[in-house]
Each structure stands twice: as structure tokens, then as C-alpha cells.
Amino acid sequence: MTHVITRACCNDAACVPVCPVNCIHPAPDEPDYGTTEMLYIDAGSCIDCGACVDVCPVNAISADYDLPEEFLRYEGIAARYFSGEGRTDYEQEQVAVKRRAWGTETQDAPLRVAIVGSGPAACYAAEEIASQRGLDVQVDMFERLLTPGGLVRFGVAPDHQDTKGASEAFARTMRRKNVRLFLGAEIGATVSHEQLAERYHAIVYAVGAMADRALGIPAESLPGSHSATEFVSWYNGHPDFARRTFDLSGERAVIIGNGNVALDVARILVADPDELARTDMADHAIDRLRESSIREVVVVGRRGPVEAAFTIPELLGLTQVPDLDVVVRPDEVVAEGPPDSIAGLKAEVLRELSVTSPTTNRWVTLRFLASPTEIIGNGWVEGVRLARNRIVEHDGRMVAEPTGDVEELACGLVLRSVGYLGSQLPGLPFDEGRGVVPNVAGRVVDGDHRVDGVYVTGWIKRGPSGVIGSNKRCAQETVAALLDDFRDGRLAAPAVADDIGPLLPHAIDHSGWKRIDAHEKAVGRDQRRPRVKLVQHDAQREIAKTVG
Ligand code: NAP
């Protein structure tokens, strides 16, 4: 879809500066502005945001699907303008204008930036670079999987479809003319870091943190004990996890840790399968959850409710699930928290909205002040041994300290939800303890040295914290550092002029992803669901290659 300028165009160009993708031409600083009959919208770049409609003083702009019959010809007129011969010269002039604005007139090619990853951190970084007004830049995004989106597709819980709305903005970024997408391109496997480094001025790693922190307790990996990240990836249809199996035949599951991931997983485990069947949850997971015998999910936090890692919106969300009690033990919710603080509110909400014994068929129990010391079981999980804690202040932080009391909690499934961890990337320094690539404001550093031209953003930069939007500020900081380095002449020109494309003959591009996306949504429409995910690589590749 696009917007179209029609007969009444007054050429005052009020629409030009509000266009976020610079798709209205000729702009006042362009050569043919003085002679043009009217302005035109480039259908190839327009993202349908409608910002131009709001400011047009003469109501000359309409969405193409709203175009009155008498104005239908204007679509073709704009297309002719953008395909016209004069256009080529004009584009070259534009490049020169951009380079003058950035003080890089001697540069004979665009700034070339590779972004590794396609999740929120990668998309925010791509948008921040590709949308710089006046910058002549080409951004290439590389994704190991055949579908983009990272944690928006594989992390956000399927019953939180509104959160997935962020992917609309990311899709707009990927549609930009100066952004290319390479799916099925694993840096370090399909192409090396060095091959990227010689073809791009700068590389931004935005690969997230997909490994798990370990608890370091006996029998942690006993069959029946899994990381929550595995379970999340499984129900969200991540191809690497689609064949995992989880035993849901016991009546109780225990989740260790009480961050938002733990609450997501708890909610999903006791959700009504008919509700889940209206989401984009992977079909294999819906089928298994229909057979589940789990009635109680116990979420175990090592500190008290005031210190709990879950957020108030997620806690309230859990208490609002129909026909689902949230159960607490009154002796574990005694702390008050600082008056008027959000932390104090957690305890207040729990006292107000929870019960002490369940009345519903399925329920979530939030336990506090308990740390796992061992997973118990003979060849298979049969329970968890817990040490009771008290809260003490240590170096200004409230920490858990064992009281010496222990208890055993029987269960058939344990999910460890104690945080994600970044993994070492080939050719880059790594901070093992924090699971991040060492950096200063996004610039990768190795000891005292900067690794020129290499940057990080998102969880691999700052660790696994924050929600989707937190990655925007993070990306802005990294991109600001990259652009400062560009202005200061610190980015070496690519040593190899060849395009990366021939090294990735099997990669799927944006049009292939659009076919997968359209297919998933079309199947979803038939089932009244947002989409039905393709989870196998072969199926994804087949649809991506379909023509017509
Ligand atoms: P998290 O918020 O860091 O929570 C980790 C939990 O593990 C905490 O309860 C922590 O306890 C506990 N833990 C760590 N080590 C432990 C140990 N050795 N023994 C027992 N417990 C231990 O991590 P997350 O839940 O994986 O979430 C990651 C990020 O994604 C967070 O920023 C989260 O808000 C975000 N997220 C947001 C949403 C949403 O907004 N809907 C959904 C999912 C994730 P302590 O607090 O005592 O350290």
C-alpha cells in the first residue's frame, strides 16, 4: 500500500519534512523542485504512516485504497515520475547532497553497515542508521534463522499479541530502500566475521542472549528439568526447539526464579488451551498443552515479594486471568516495602488479589524466600529441595540468606528461569561472567584497546534486561558512537568492494520473508488467528521460494 498525491497538490512541501522515510519528491532542496508540476510519493518507499495526510493544507493526499475513482490515474503518474529518465541524474545529485551534508564528499560509495541479528535491538539500530537524514548509507541485516524478529517472534508470549505489535515498526525498517535482509546467514558459519569486516565500514552485533544461566545445584539437568528459555522457544515455534519434549503428565510444575519470563511460562502452563489456540502459539505446543495434567504451577523466588523480579503489569496480568487463582502463603508476604514505592506495591497487590488456598481448577502459587538446593528424582524429576531464606542487607542490596530450614516440593517438571546469558562470538572478545561482549557505549573493546569498526547493541551489549523498547535507547547510543566514528574518519573503507550476496547464495531476502509472512497470516486468517507459524526450515524455504 502507498499514499498518493492528487490534483490539488499545492507544492508547498509541508509534507516533505514530516515523511519519516523521505519518500516525497522533489523536495525543496532537490534540483527539479523549482520546475515540478506537483510532488509525488514513491510507492516503493512509502510506509503508509499517513503523516503527510495530516499536514497537507489542500487535502490532496489519499491512501491508494481510498483513492476516489477520478484520481486513480495519479498512482500511475507518480510511478512514471519515479521511473523517468531524469530521475537517475536526480538520484546522483541526492547522493552528492547527502555526502556534502556529512562532510564525506571524497567518499566514493555509501557508508556500509552490517547488522548481525534481526530482533528488536537489530531493528532499532537499523532504523536509527538508515533513517539519518542526509546520510548516504546502506544497511545489511544478517539473521541465522529464516525468519526475522528475534524475541518478538520467539520470546514474547503468544497471549501477549499486543506486544508483538512492535514488529510492525520493524517491518517498516526492513522495507526501507537502503536496508537489505539476509536470512539463513549465520556469521561465523555461513560467512566469517572477517569476510564481513572487509566488506563493511562497520559491523553491529545485535545477537541477543540465547543461552541460560546455570543454577549450579545437584541434578540440575535431570530429565524433566529444563530451562525456561527452551520451553519458551518450543511453544513459540523456534525451529531449533520444535522437537523438544516436556512431560506435562504430573499435576505440579515448579519454576525457579520469578522474573517476567517465569510469569509468562506459568501463565502459559495453566492457560485455557482453547484461548491459546486463538494465538500464534506453535501448533505442536497447543496440541501438547491440551493433553497437560498440570493443575498447579509453583513459582519460586529466592527473595521476598518486595524484591521480586517480575513487574507490576505482569503481576496484575496474572491476577486478571479468568478462572485462575494466584495463591500465596501469608507468612511469605509480610514485608511492606518503602511507602509509595513500586516495590511496595507488589506486596500490596499480592495481599489484595491473591488467595491462600485455591478455588479454581488450575492455579499459580507464588512462593517467596526459598532457594533450590537440589533437584530430586531417580532418573526423572520427582521434586525440588528448597532452603528457606530471610532477607538481609549486604553492600546496600537486599539479598537472600538461608535460615537453615529446608523443605521438599514434589513435582513432575522443573523449569529454571534464572536469566538468559549471551554467548561468545567468533573473533570477538567476551566477558564470561556477565555473558556480554565488553564495550564502552556500544564500541567493542578488548582490554584497553578498541576493536575498530565493531559495535554491539541489545542484550549482548548490556546483559539480558529490559523490555522491547529498552533496546531503542540502547541502539541510539551505539549508533551515535558509530556515526561519530564515521565523521571522525575512524571507520576504514571496505578492503573488498564486492557485494556480500554471492557468498550467501542460499540466503532468503526480504521478498522471501514477505512470502512466508503472507502465508502464515493467510493460514491464520482461515483459523481466526494472527498467524500460523511455519516451524520447519524446509517448509519456510519452500514458501520463501514460491513465486507468484
Ligand atoms: P530476570 O528478570 O533477571 O529474573 C531472573 C530471576 O531469576 C530473578 O527472580 C532472580 O532472582 C532469579 N535467580 C537468578 N539466579 C538465581 C539463583 N541462583 N537461584 C534462584 N533464583 C535465581 O530474568 P527473566 O525473567 O529471564 O527476564 C529477562 C528480561 O526480559 C527482564 O528484563 C524481563 O523484564 C524481560 N521480560 C519482559 C517481559 C514482559 O514485559 N512481558 C516478558 C519476559 C521477559 P533475584 O531477583 O533474587 O536475582
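Order of appearance sets the numbers: ligands from 1, and atoms from 1 within every ligand.
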Subject >> Derivation of the side chain to side chain donor-acceptor pair (under 3.5 Å) call for Arg329 and Thr356 >> reply: CA-CA 6 Å; Arg329 283 175 35 162; Thr356 50; over 6 Å; no

Could you list the donor-acceptor pairs under 3.5 angstrom formed between side-chain atoms of residues 308-323 and any protein atom two or more places apart in sequence or on another chain?
residue	atom	partner	partner atom	Å
Thr311	OG1	Asn260	OD1	3.3
Thr311	OG1	Asn260	ND2	3.2
Thr319	OG1	Leu316	O	2.7

**OP:** Please work out which of the three classes, parallel, tilted or perpendicular, describes the rings of Trp459 and Tyr420, given edges at 30° and 60°.
**Re:** tilted

Original post:
Any luck finding a side-chain donor-acceptor pair between Thr365 and Glu296 under 3.5 Å?
Top reply: yes

Subject >> For ligand 1, the residues whose heavy atoms come within less than 4.0 Å (ordered by chain, then number) >> reply: Leu215, Gly257, Asn258, Gly259, Asn260, Val261, Asp264, Arg302, Arg303, Ala309, Glu314, Ser417, Val418, Gly419, Tyr420, Trp459, Pro464, Ser465, Gly466, Val467

Original post:
Mind checking what makes ring-ring contact (aromatic ring centres under 6.0 Å, His included) contact with Phe368, not counting sequence neighbours?
Top reply: none

**OP:** Please collect all salt bridge (Lys or Arg N to Asp or Glu O under 4.0 Å) contacts where either partner lies in residues 354-373, sequence neighbours excluded, each pair once.
**Re:** Glu332-Arg367, Arg367-Glu407

